[in-house]
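Chain letters run A, B, ... following the sequence lines, proteins first and then strands; every chain starts at 1. The basis for the numbers below is simple: all heavy atoms, side chains too, and nothing from hydrogens, waters or symmetry mates. Here the structure is a predicted model, which means the values were calculated and not measured.
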Amino acid sequence: MTNGIVNVNASLETQFASLGINGTNSAYVPPHLRNAQRAASSPSPTNGSGWNDPRASPRGGFEPLRGSHTDKSRGGAFGHNAFSSPREPVSTNDWAGRPSTNGWTPREHRTDGPRESSGLGAWRNGAHVVGPRNPRLETELFGDLTDPSKQHTGINFEKYDDIPVEATGAGVPEPVNAFANPPLDPVLLENITFAHYTTPTPVQKYSIPIVAANRDLMACAQTGSGKTGGFLFPILSAAFTSGPRAPPAETPHMGYSRPRKAYPTTLILAPTRELVSQIHEEARKFAYRSWVRPAVVYGGADINQQLRLIDRGCDLLSATPGRLVDLIERGRISLANIRYLVLDEADRMLDMGFEPQIRRIVQGEDMPGVQDRQTLMFSATFPRDIQMLARDFLKDYIFLSVGRVGSTSENITQKIEYVEDLDKRSVLLDLLASEAAGGLTLVFVETKRMADMLSEFLMANNLPATSIHGDRSQREREMALQTFRTGRTPILVATAVAARGLDIPNVTHVINYDLPSDIDDYVHRIGRTGRAGNTGVSTAFFNRGNKNIVRDLMELLREANQEIPQWLDAVVHETTFGGSFRGRGRGGAGAGGRGRGGNRDYRQSSGPHGGGAHSAYGGRGGSNYGGPAYGGYGVGGGGTNSYGNGGSSWW
DNA sequence: AAAAAAT
């Protein structure tokens with residue numbers, strides 16, 4: 001047992017605190033505000049008027065920001081913004097005929113404490129006025145080298161050069177090889193430098209010029225490939241350079257009760273609250289000192305607080321679908337001004353039944369049509385339903401296929417242990433006892449119930465554990481994530497909610513206490529470790545209940561040059577020749593099959609769009625990874641040969 | 001089969 005007893009106690013306290021047991025409940029603070037509140041007087045970057053109306057700026061809504069001295073001399077952290085300055089009430093109506101904001105002072109503007117630079121930029125007289133630097137905000141956004149929980153994991157760039165990328169479609173632009181101007185805006189480049197990013201990842205090399213060329217994009221890429229930057233960089237860059245777009249004229253409306261409506265120009269949809277929150281944090285980084293105000297909305301958190309933040313600026317909005325629909329219904333958000341639409345983890349969103357809401361948001365509200373916006377879709381896989389979505393949401397898109405990250409990189413050592421269900425607990429205890437101190441261990445289970453039971457079991461055994469799953473309150477979820485990140489509870493028991501997308505530094509061990517039945521889930525889960533060039537270990541408990549994943553798992557282990565236990569070979573053999581043949585329903589995918597629909601540009605085989613394939617990967621042609629051509633996914637849509645249940649098999 | 005997500 002290498003974890004000190006002190007640590008254990010601290011974590012138990014935390015655990016109780018998160019359950020509200022010791023009565024120290026404080027007001028709910030959403031994750032994107034925590035740091036801001038901790039640094040009591042540091043203004044949130046979503047402060048400021050942020051309303052992206054160019055008409056407002058020339059009227060004096062913004063003051064130029066040339067440097068911190070200028071800013072300070074203007075009198076206060078928000079002196080640049082006459083709109084919101086308590087000292088300079090403005091009587092003019094702001095845009096869209098809203099009642100004057102005269103006298104209205106947002107709370108944070110009153111409590112700003114010491115005067116310092118806001119870190120907020122503005123758009124004024126057709127030019128981007130870069131905000132002054134704010135050291136405190138910089139530490140918050142870009143990390144403090146002494147605090148590992150705040151450091152961005154960064155990306156293991158060397159490894160990334162090995163990842164094959166293929167871009168297909170008409171007129172694929174040349175990939176870029178560096179963060180440079182052009183095509184990226186200098187302000188963005190500065191933020192990229194602050195974030196210690198040095199080289200674009202393969203996704204970014206392609207997505208940056210593609211988006212800069214105003215093209216739509218369908219990218220098959222998994223989390224960890226740098227795709228968040230892949231869409232944020234080019235979108236923010238274009239925003240910085242071209243400035244805000246005037247929101248559509250609204251019918252003037254008298255009366256004071258009329259709520260403000262936000263007109264974001266970029267909308268990013270993602271499946272889970274934590275993921276949306278994480279994207280927002282990235283957006284805050286890269287929007288630093290610019291005129292762009294990122295905002296975030298998701299369920300489970302106080303809607304009024306989110307509304308207040310939206311009021312202070314909502315140019316780039318990250319959202320989960322449900323809460324967004326809610327806000328649209330309340331008339332607080334309009335999509336009429338959308339220029340960029342991003343669907344992240346699109347396959348996941350469909351899995352989770354979001355399709356009706358997504359279609360409503362994209363097609364049933366006031367969002368500009370497919371020709372009048374730029375749409376980027378990201379998905380780990382490209383099954384039929386995603387192809388349909390792509391067909392409906394994208395125009396003449398470029399298809400980008402990025403190889404697996406988690407599995408192909410060999411910095412994750414994957415172990416498979418044969419453990420019967422009844423033995424799992426004790427094996428887990430042994431495993432945790434032999435854990436090196438300092439690292440974080442993520443334990444995946446299949447059910448919420450199991451997550452609760454297991455974390456309680458671990459705590460009962462004096463292990464600093466907590467859990468995250470969809471039946472816990474949002475507050476508890478965020479608390480769990482926070483105590484995990486900071487190492488106060490270095491063991492996190494999680495359901496699928498944490499499998500994808502979450503970027504948690506210092507996860508040294510991923511344990512698949514229960515194996516998922518889907519190999520892509522497995523890849524995502526183990527991908528929580530071995531990031532940032534660190535090595536990671538993953539251990540999976542396998543028993544006869546996991547036969548459904550065994551073939552794909554074998555294939556994956558081989559692909560990643562991992563040791564394969566002999567007994568596993570035997571299981572594969574048994575399931576292949578012993579039991580009933582498991583039809584794979586994938587058009588005869590052989591070794592090399594990518595499962596789950598693969599990630600090929602299906603248009604190539606039959607569509608009229610075909611264009612030259614572009615491969616970033618010298619040695620290999622396009623066909624070396626990705627699924628085989630799968631017959632059932634034709635463009636015409638006649639075949640119902642979807643993957644998954646072709647074979648009716650449960651052993 | 002389970003999980004996730006608006007209240």
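- Checking dA3(B), dA6(B), dA5(B) against the side-chain heavy atoms of Glu274(A) singles out dA5(B) as nearest.
- Side chain of Thr447(A), nearest nucleotide from dA6(B), dA2(B), dA4(B): dA2(B).
- Atom pair Ile333(A):CD1 and dA6(B):P shows a separation of 12 Å (rounding to whole Å applied).
- A distance of 14.0 Å separates CZ in Arg293(A) from CG in Asp311(A), rounded to the nearest 0.5 Å.
- dA5(B) atom C1' lies 9 Å from atom CZ of Arg477(A), rounded to whole Å.
- Between Gln357(A) atom CD and dT7(B) atom C1' the separation is 12 Å, expressed in whole Å.
- Considering only residues two or more places apart in sequence or on other chains, Phe354(A) meets the ring-ring contact (aromatic ring centres under 6.0 Å, His included) condition with none of them.
- The side chain of Ser517(A) lies closest to dA1(B), out of dA3(B), dA1(B), dA5(B).
- In terms of position on DNA chain B, the residue among Lys448(A) and Arg360(A) whose nearest nucleotide sits closer to the 5' end is Lys448(A).
- Protein atom CD1 of Ile468(A) is 14 Å distant from nucleotide atom P of dA3(B), rounded to whole Å.
- Both the sub-6.0 Å distance and the 45° axial angle are satisfied by Arg425(A) relative to the ring of Phe457(A).
- Within the 4.0 angstrom heavy-atom criterion, only backbone atoms of the sugar-phosphate kind lie near Arg273(A); the bases stay farther away.
- For the salt bridge (charged side-chain N to carboxylate O under 4.0 Å, His left out) test, residues two or more places apart in sequence or in another chain that qualify with Asp471(A) are Lys448(A).
- Summarising the geometry, the separation between CG on Leu275(A) and P on dA4(B) is reported as 14 Å, rounded to the nearest angstrom.
- Rounding to whole angstrom units, CG of residue Leu350(A) and P of dA3(B) are separated by 20 Å.
- The phosphate of dA4(B) has neither OP1 nor OP2 within less than 4.0 Å of any side-chain N or O from Thr320(A).
- The distance between atom CE of Met450(A) and atom C1' of dA3(B), rounded to the nearest whole Å, is 15 Å.
- If you check every strand for non-hydrogen atoms under 4.0 Å, Glu329(A) touches a base.
- Taking the six-membered ring where the residue is Trp, Tyr418(A) and Trp567(A) present perpendicular rings, their angle passing 60° and hence far from 30°.
- When rounded to the nearest whole Å, the span between CZ of Arg449(A) and P of dA3(B) equals 11 Å.
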